[in-house]
Amino acid sequence: MEISNDQLAYHANEIRTHIIRMISHAHSGHPAGALGMADVFTSLYFSIAHVDPEHPWKDDRDRILVSNGHIAPVWYATLAERGYFLKDELLSLRALGSRLQGHPVFRGLPGVENSSGSLGQGIGQAVGVALGLRMKKKANHVFCVVGDGEQQEGSVWEAYWFASTRTLSNLTIIVDRNYIQSEDSTEHVLPLDPFIEKLTAFGLHVISCDGHDFSAIQSAFETARAFHKGPTAIVFRTIPGKGVSFMENTAKWHAEPPTDEQAALALKELESHE
Amino acid sequence: MNSEKATRDGFGDGLVELGASNERVMGFCGDLTKSTRMHLFAKKYPDRFFNVGIQEQNMVAMASGLAMTGWIPFIATYGVFFGRAWDQIRVSVCMQNQNVKMVATHAGITIGEDGMTAQAFEDIAMMRALPNITIIQPADYWEAKHAVEVVAQIRGPVYLRLERGTSPIVTSPHASFIADRAEILRDGNDCVVFACGSMVAHAIRAREMLEKEHISVMVVNVHTIKPIDERTIVACAKKCGRVVVAEAHQVVGGLGGAIAEVLSRELPTKMGFVGMKNVFGESGKPDELEKKYELNDLGICKKVREMMGKRK
């Protein structure tokens, strides 16, 4: 889809606004990672992936899976912003009977391709989808979002290892490198760096990218899709809490909902970006 | 009951046949291709088979992804190793209700010499708590072979529990396999023995031994542990008034637990349990272990006699 960087920035800001409203309304949820990934999700759904909100399950769609399910608000907000379902439904996040479950549920909502929330599984599912599509000689691409804290799960590396061994070039792994996890900095809990070298050693084609620069994001995805020798991992350096100054770059907001006053402040700040 | 074959061999032969008739069937194995008898399928359909390596967690997660694209993955490893992928089975397979067929070989005592870490005695309990799953343990080679096609037809997750050791043939090469239905193999009046897997043959032998003591035993093959055939279980318990359950599994949470859940609700009945009594196994020849842990005909006889001493 042809879309300007200004338009992408507009949608990303709208998505951030939805995220604050949703988590504030639900009084629970994970704002930091969700806000940090808004630009990448916007690029993916509005520009990169071959998807059709009118026909969310059509056979020739690209598949977008999320492995770090706690960032569900950014997935739901992006899907609504893209037109998969009405934005009015966003405020039902985490409520009894809602389609917007606390963590994503397979096909529970148009566009939600997999269940996740127990870390380290979505990536394996995505590798299976990529293998399954290739065995059927389908050209669709598979994208999977994985967190950096999530890299501590050994099963993530099992999946990388298999994907590179089987040269699954129809798979792009999207890593959210925001340097935080639930309780602390990733580098304090279990240092991930030198991360790029680790991914490379596992046979992945690795691209580093600023996760808030739409031109760079676009270019990284295009390079990944054009690479035919195996799977690509794009390591997006993102700022957790991006767009809301008091939420940025701290693990405090990993799973902390804003109070009503904090939400009002955050929304005011986001409005000023428009 | 004069020839002996292993249920894993029935699976291996059945999967090769299924591969010819169903092109959506594919295989994953965690580096135990020959042991699980998946090598026959792998040889015939190399494009539809992958030795994924020793990574059970990822094997299960990937299988759910394959199922999302329309494949019917049969994934095989030892029963004990599915345990380490339980969370993947829970989230990626059962929660998403994916069409993944988990083939758990070397369950129970007949793995023998490999010892306690390799002996799956807890897997039924672990799997049975999961919504959406079907659990099947065939009694012999033929039942395992026939079950493979039925397993592929079931829409959703299946746990097929198989054994390494050979066991006597107790069903027929021509019998059709109907999931969800417990089968009365021998009629009787005094005590019913519900059994699964190779314990069915032990139960039939126990019945012959007890006949000489004028104890009439009914033998029921409960090959489908979940969903369990409540109607047959209640009817048999009602007729006999005494119940023994025999399984190569812990007495906690397995077939015995499943039947106790049914009877406590529908027809409270005193029950005896033949199984591993809250202990792990050890190395030894299968028949030595069966004797020591009373997982055989003699163990069933002992339990039935004990139940005969109780009032109905």
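No hydrogens, no waters, no symmetry mates; every other heavy atom, side chains included, goes into these values. Chain A is the first sequence line, chain B the second, and so forth, proteins listed ahead of strands; every chain is numbered from 1.
A donor-acceptor pair under 3.5 Å is formed between the side chain of B:K101 and the backbone N or O of B:I154. A side-chain donor-acceptor contact under 3.5 Å links A:N140 to the backbone of A:D60. With hydrogens and angles ignored, the 3.5 Å screen pairs a side-chain donor or acceptor of A:D62 with a backbone N or O of A:H141.
Per-residue heavy-atom pair counts under 4.5 Å with chain A were compared for B:Q98, B:M95, B:R90, and the maximum is reached by B:Q98. For chain A, the option among B:Q57, B:Q88, B:M59 with the highest count of heavy-atom pairs below 4.5 Å is B:Q88. When each of A:G132, A:G120, A:G117 is scored by its heavy-atom pairs under 4.5 Å with chain B, the top score falls to A:G132.
Heavy atoms closer than 4.5 Å to chain B are found nowhere in A:A126, neither backbone nor side chain. Of the two parts of B:S64, only the side chain, counted from C-beta on, holds a non-hydrogen atom closer than 4.5 Å to a non-hydrogen atom of chain A. The part of A:R166 that comes within reach of chain B is its side chain, from C-beta onward, which places non-hydrogen atoms under 4.5 angstrom from that chain. Interface remark: B:N97 contributes no atoms to any contact with chain A (heavy atom separation under 4.5 Å). For chain B, no part of A:D59 is nearby; none of its heavy atoms comes within less than 4.5 Å.
A distance of 6.0 Å or more separates the ring centres of B:Y45 and B:F49. Between B:F41 and B:F74, the distance separating the two ring centers is not shorter than 6.0 angstrom.
The pair A:D148-A:R177 counts as a salt bridge, with a side-chain nitrogen and a carboxylate oxygen less than 4.0 angstrom apart.
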